[in-house]
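First the structure, in the form of structure tokens, and then the observations on it.
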Amino acid sequence: MRTVTIGLLGCGTVGQAVLQLLQRREAIFADLGVQLSVCGVLVRDLTQPRDVPAGTPLTSDPAFLGECSIVVELMGGVDRPLGLLAPVLRSRRPVVTANKAMLAERWDTLRDYALGGQLYYESAVMAGTPIIGPMSTVLRASRFVRLQAVLNGTCAYILGQMEHGKPYAQALAEAQALGYAETPPTLDVGGFDTAHKLAVLARFCADGDFRYEDVKVRGIEDVTLNDIADARAAGEKIKLVATLEREGDGWRAEVAPIRLPDSHPICTAGEGRNAMVYQGEECGELVFAGGGAGGLVTASAVVGDIMDCVLGFPGHVPLH
């Protein structure tokens, strides 16, 4: 039995769920010949109550990172986590992250590490619904044509509540009260969270150097109840959709609220669920749908990445 030391950056909803799930899956790791040891969990406020296994080493000092075999980053943001991870990556240790903003906006720094198989980030796009794994492996045998996806649970919730007659402002306030939307909510409702995720996906099926800045973004702030009613009268629904498709010699990547037929797979996936329709020349049309947020939903993908790492599978490698 070998011991693998793990460090966590961040212990919010997802971080707590990851620690709980690691404890639940101790027997599976033991079957793999591995005993996990959490050597540190970085938090901002040590006084905040957290639902974590007894004895979890919470700390505000990142010095423990030097002792970790694997580092799991769940703190969000861009430059602060990257600064903490840079020495880990330079030392050729693996990193598991759910941080789509960092992946999207700092790809110039991270790409070589991704090409080396050091970065694992299944949870960064559709949480526990696996899409990066298939796109980075088996789907590469099929020539990519197009994808459309709903990738933000907050916008899906708000537009779903507007379908029930609630005006945008009320639906947004409810989403914030439930903890779905941040304050301010611009990252979600402005479409930028979805754009981060689309940039990450584009590097597996379109261009390994795809730039986040090349995604055209329009959010849902201007969608009205009249817009919703007009769509309903035509047998359609409004969704915030990420689209990636070939345009001339390049690619069109756009995030915008668009009308889709009620029968479209994105519309039938279920309220509040993430969904993607992927088209390849040989594989045809594939539909992925499931939970795209939440503690244990996201933790399931994070812990799955940790399992891949201890088994010796490389991380998620972009086109190159």
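Residue numbers count from 1 along this sequence.
The side chain to side chain contact (heavy atoms under 4.5 Å, CB included) check on Glu213 picks up Arg211, with sequence neighbours excluded. Contacts of Phe144 classified as ring-ring contact (aromatic ring centres under 6.0 Å, His included), with partners at least two apart in sequence or in another chain: Trp251, Tyr278. Applying the salt bridge (charged side-chain N to carboxylate O under 4.0 Å, His left out) rule to Asp305 yields no partners; only residues at least two apart in sequence or on another chain are considered. Partners of Ser136 under the side chain to side chain contact (heavy atoms under 4.5 Å, CB included) rule, at least two apart in sequence or in another chain, are Arg140, Phe204, His316. Residues satisfying the salt bridge (charged side-chain N to carboxylate O under 4.0 Å, His left out) test with Glu282, not counting sequence neighbours, are none. With sequence neighbours excluded, the residues that form a side chain to side chain donor-acceptor pair (under 3.5 Å) with Arg143 are Glu281. Scanning for side chain to side chain contact (heavy atoms under 4.5 Å, CB included) contacts around Thr109 gives Leu82, with sequence neighbours left out. Shown here are the side chain to side chain contact (heavy atoms under 4.5 Å, CB included) partners of Pro314, two or more places apart in sequence or in another chain: there are none.
Residues Thr97 and Val72 form no side-chain contact, since every pair of their non-hydrogen atoms from C-beta on lies 4.5 Å or further apart. When side chains are defined from C-beta on, Lys239 does not count as touching Pro257, because their heavy atoms never get closer than 4.5 Å.
Not one N or O on the side chain of Thr59 forms a donor-acceptor pair closer than 3.5 Å with the backbone of Gly40. Without hydrogens or angle criteria, Ser142 side chain to Leu139 main chain gives no donor-acceptor distance under 3.5 Å. A donor-acceptor pair under 3.5 Å is absent between the side-chain atoms of Arg92 and the main chain of Arg90, judged by distance alone. A donor-acceptor contact shorter than 3.5 Å links the side chain of Asn99 to the backbone of Gly77. The main-chain N or O of Val125 is never found under 3.5 Å from a side-chain atom of Glu122 such that the two would form a donor-acceptor pair. Within the 3.5 Å criterion, the main-chain N or O of Cys68 finds a donor-acceptor partner in the side chain of Arg93. The backbone N or O of Met75 sits less than 3.5 Å from a side-chain atom of Glu73, completing a donor-acceptor pair. Remark: the backbone N or O of Tyr212 is not paired with any side-chain donor or acceptor of Trp107 at under 3.5 angstrom.
With values rounded to the nearest 0.5 angstrom, Leu84 atom CG is found 11.0 Å from Leu89 atom CG. A distance of 11.0 Å separates CD of Glu236 from NE2 of His264, quoted to the nearest 0.5 Å. Note: Leu244 CG to Leu201 CG = 8.5 Å, rounded to the nearest 0.5 Å. Atom CG of Leu42 sits about 10.0 Å away from atom SG of Cys11, to the nearest 0.5 Å. Going from atom CG of Leu65 over to atom CG of Leu85 covers 8.0 Å, rounded to the nearest 0.5 Å. In this structure, CD on Gln16 lies 9.5 Å from OG1 on Thr56, to the nearest 0.5 angstrom.
Electrostatic pairing of Asp207 and Arg203 does not count as a salt bridge here, judged by no charged N lying under 4.0 Å from a carboxylate O. Between Glu254 and Lys216, no side-chain nitrogen of the basic residue sits less than 4.0 Å from a carboxylate oxygen of the acidic one, so the salt-bridge criterion is not met. Taking the charged nitrogens against the carboxylate oxygens, Asp230 and Arg259 have no contact shorter than 4.0 Å, which rules out a salt bridge.
Taking every heavy atom of both residues into account, Gln161 and Ala171 meet most closely at CB-CB, 3.8 Å. Contact between Cys205 and Leu147 at its shortest, heavy atoms only, is SG-CD2, 4.2 Å. In terms of heavy-atom proximity, Arg111 sits nearest to Leu319 at NH2-O, 3.1 Å. Heavy atoms only, all atoms of each residue included: Met307 and Ile28 are closest at CE-CG2, 3.7 Å.
Among Thr154, Ile158, Leu172, the single residue meeting the side-chain contact (heavy atoms from CB on, under 4.5 Å) criterion with Pro185 is Leu172.
There is a path of hydrophobic side-chain contacts, each under 4.5 Å, that joins Leu286 to Ile132. Residues Tyr113 and Phe210 share a single hydrophobic cluster, defined by chaining ILVMFWY side chains whose heavy atoms lie under 4.5 Å apart. Both Val215 and Met102 are members of a single hydrophobic cluster when ILVMFWY side chains are connected at heavy-atom separations under 4.5 Å. With hydrophobic clusters built from ILVMFWY side chains whose heavy atoms lie under 4.5 angstrom apart, Val38 shares a cluster with Leu21. Hydrophobic clustering (side-chain heavy atoms under 4.5 Å, transitive across Ile, Leu, Val, Met, Phe, Trp, Tyr) groups Phe29 together with Val41.
For residues 55-68, the set of pairs meeting the salt bridge (charged side-chain N to carboxylate O under 4.0 Å, His left out) definition, not counting sequence neighbours, is empty. The salt bridge (charged side-chain N to carboxylate O under 4.0 Å, His left out) analysis of residues 154-171, with sequence neighbours excluded, yields the pairs Glu163-Arg232, Lys166-Glu174.
Looking only at atom types and distance, the side chain of Thr47 has a donor-acceptor partner in the side chain of Asp45 under 3.5 Å away. Looking only at atom types and distance, the side chain of Thr5 has a donor-acceptor partner in the side chain of Ser69 under 3.5 Å away.
Val241 belongs to a hydrophobic cluster whose other members, connected by ILVMFWY side-chain contacts under 4.5 Å either directly or through intermediates, are Val150, Ile258, Leu260, Ile266, Val277, Val287. Hydrophobic cluster membership of Val317, counting Ile, Leu, Val, Met, Phe, Trp and Tyr whose side-chain heavy atoms lie under 4.5 Å apart directly or via other members: Leu115.
Counting non-hydrogen atoms of other residues, nucleotides and ligands closer than 6.0 Å to CG of Asp108 gives a total of 12 or fewer. Within 6.0 Å of NE2 on His320 lie no more than 12 heavy atoms contributed by other residues, nucleotides or ligands.
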Could you please spell out the steps behind the side chain to side chain donor-acceptor pair (under 3.5 Å) verdict for Thr3 and Ser37?
-> CA-CA 7 Å; Thr3 298; Ser37 174; over 6 Å; no

